[in-house]
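Encoded as structure tokens, the structure appears first; notes follow it.
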2 protein chains.
Amino acid sequence: MSPTELAPDRIRKGERTRTRILEAAADVLARKGYAAATLTEIASVAKMQAGSLYYHFDSKDAIVEEVLAVGMEHARDAIRAALNAAGEDASGHDRLMAAVVAYVTAITLDSDFTKANIRCFEESPEATRENLAVPLREFANGWVRLIEAGQRDGSLRSDVEARVIARMTIAAMNSVVGWWRFDGEFNIDHVARMFARTVVDGLAIHG
Amino acid sequence: MSPTELAPDRIRKGERTRTRILEAAADVLARKGYAAATLTEIASVAKMQAGSLYYHFDSKDAIVEEVLAVGMEHARDAIRAALNAAGEDASGHDRLMAAVVAYVTAITLDSDFTKANIRCFEESPEATRENLAVPLREFANGWVRLIEAGQRDGSLRSDVEARVIARMTIAAMNSVVGWWRFDGEFNIDHVARMFARTVVDGLAIHG
DNA sequence: GTCTATAATTGGATAGAC
DNA sequence: GTCTATCCAATTATAGAC
């Protein structure tokens, strides 16, 4: 907190504009995908001109990268909260179930950041994907650890490879953002529970 | 068969070039995605110049559309063959299991056309997706019917919505092309059976 | 049928006024 | 901080020679 820093409300103003741009970018990226998302449209949604974006960001890819990173954080936070609610001593099966329901709910009902991340990560340039490799791997590893914990405590079947099933589960959950609509036929909580019942109970040891 | 048609070997020659272009396009589309696949690179792989493509096709999107359509046909054929082999009187559970193994195998080991379809369909222009809406819906409906048949004959659980689980299953299977490598850690037949065990046995009625 | 050359368009990025 | 004007690179598509 040095005396040379800007006045508090001036910081907030600059931050607000930056946030407005990121929200606009998340909206456009989620709807159009990486390549079709133009700076002109992002600026338009943010109610400014394309050139003005460069005062706040160095490049299109810098904007995209931050949107995707925020999307991953949102998802991670939602899962963490659900796992804390479930408790450390719940079975691996029950914790995986809770994580699936939380994640599916988060990516459909929450901000556009998670949707943008899911839709655009694979389409984005290699440099962007490399910069996000650490949080992405951490995200994937979280699912692997959940499954492995269930295999260890005997609540999930052990004759499948946790790393493979984790990838499969993530893809299955992510697909929901491609077709689910808020005003559609299915209640998202209903969808999330069907997923959990199929994938998680498919892993369950029945007895 | 009018007398004005071209000589047979001339037809074959023209067809071969056309096929070479489609194969080159499938290769590039599968590796780079829709937007990053340039006509220059497609032409280069097909050993010709970009301008020459226009003798055989009207536009980039015409090429893309045909590649994606062929990809869907390949996948459909692989599934059909497996279902025929399983037989009409196999249980819904066993037929779904056979279809999953066949499809996962097809999209990883077969031509680039299926991979291009899986990677590029969502990124492709709206007009392209609309033109392919009928075969796509037919593909999805095939999985729904497989699941519903199993629910009717009592071999699959009925407390989930077949349309939702079909979409989930398709996405889970498609995700394999994103990470599986021929020379990687996992045998694809092994992966396919793990998927079938998890998703299909997750739907199974245990007793 | 294929090539070379080029038109036409688009979209990311920069410069300078205000 | 934002705008307007403009540059520059890339890419689809066309024209005409061979």
Side-chain angles (χ1 to χ4, degrees), chain A residues 5-25 27-29 31-68 116 120 123-128 131, chain B residues 5-25 27-29 31-68 120 123-128:
Chain A
E5 75 177 0
L6 298 167
D9 55 334
R10 188 156 174 73
I11 294 177
R12 273 195 219 107
K13 170 81 182 306
E15 279 302 303
R16 263 211 311 275
T17 307
R18 204 186 145 83
T19 302
R20 208 175 74 231
I21 293 171
L22 289 172
E23 283 169 349
D27 172 27
V28 178
L29 286 166
R31 282 187 293 108
K32 301 287 184 75
Y34 171 78
T38 67
L39 293 182
T40 306
E41 183 168 1
I42 291 171
S44 159
V45 172
K47 296 188 200 308
M48 56 194 329
Q49 298 299 312
S52 308
L53 298 173
Y54 285 84
Y55 177 81
H56 302 276
F57 295 92
D58 287 341
S59 68
K60 171 181 178 175
D61 289 346
I63 299 177
V64 172
E65 190 174 314
E66 194 158 334
V67 168
L68 303 194
C120 299
E123 311 175 28
S124 71
E126 188 160 350
T128 302
N131 292 340
Chain B
E5 77 176 0
L6 298 167
D9 55 333
R10 188 157 174 71
I11 292 178
R12 274 195 218 105
K13 169 81 182 306
E15 279 302 303
R16 264 211 309 276
T17 307
R18 205 186 142 83
T19 302
R20 208 176 72 231
I21 293 170
L22 288 172
E23 283 169 349
D27 172 27
V28 179
L29 285 166
R31 283 188 293 105
K32 302 287 184 73
Y34 171 79
T38 67
L39 293 181
T40 306
E41 182 167 4
I42 290 170
S44 160
V45 172
K47 297 188 201 306
M48 56 194 329
Q49 297 300 311
S52 309
L53 298 173
Y54 285 85
Y55 178 81
H56 302 276
F57 294 91
D58 286 341
S59 67
K60 171 181 178 174
D61 288 347
I63 300 177
V64 172
E65 190 174 315
E66 194 157 334
V67 168
L68 303 194
C120 300
E123 309 176 30
S124 71
E126 187 160 350
T128 303

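This structure is a prediction, so every number in the text was calculated from the model and none was measured. Below, chain A is the first sequence line, B the second, and so on; all start at residue 1.
- Residue pairs meeting the salt bridge (Lys or Arg N to Asp or Glu O under 4.0 Å) criterion with at least one partner in residues 47-62 of chain A, sequence neighbours excluded, do not occur; the list is empty.
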Donor-acceptor pairs under 3.5 angstrom involving side-chain atoms of residues 35-43 of chain A: please list them, not counting sequence neighbours.
from, atom 1, to, atom 2, distance (Å)
A:Thr38, OG1, A:Glu41, N, 3.1
A:Glu41, OE1, A:Lys32, NZ, 2.8
A:Glu41, OE2, A:Lys32, NZ, 3.1

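- Here B:Glu66 pairs with B:Arg18 in a salt bridge; the nearest charged N to carboxylate O distance falls below 4.0 Å.
- To the nearest angstrom, P of D:dT11 lies 10 Å from CD of B:Glu41.
- With rounding to whole Å, B:Arg20 atom CZ is found 12 Å from C:dG1 atom P.
- Between the CZ atom of A:Arg18 and the P atom of D:dT2 there is a distance of 13 Å, rounded to whole Å.
- Applying the side chain to side chain donor-acceptor pair (under 3.5 Å) test to A:Glu23 and every residue at least two apart in sequence or in another chain returns nothing.
- Every residue two or more places apart in sequence or in another chain that forms a side-chain contact (heavy atoms from CB on, under 4.5 Å) with B:Ser52 is listed here: B:Met48, B:Gln49.
- One can place CD of B:Gln49 at 14 Å from C1' of C:dT6, the figure rounded to the nearest angstrom.
- With rounding to whole Å, A:Met48 atom CE is found 6 Å from D:dT2 atom C1'.
- For B:Asp27, the side-chain contact (heavy atoms from CB on, under 4.5 Å) partners are B:Arg31, B:Val45, B:Asp112, not counting sequence neighbours.
- Following rounding to the nearest Å, B:Leu53 (CG) and C:dC3 (C1') show an atom-to-atom distance of 12 Å.
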query: What string of B, S and - do you get for nucleotides 11-18 of chain C 5' to 3' if you count protein non-hydrogen atoms under 4.0 Å?
result: SSBB----
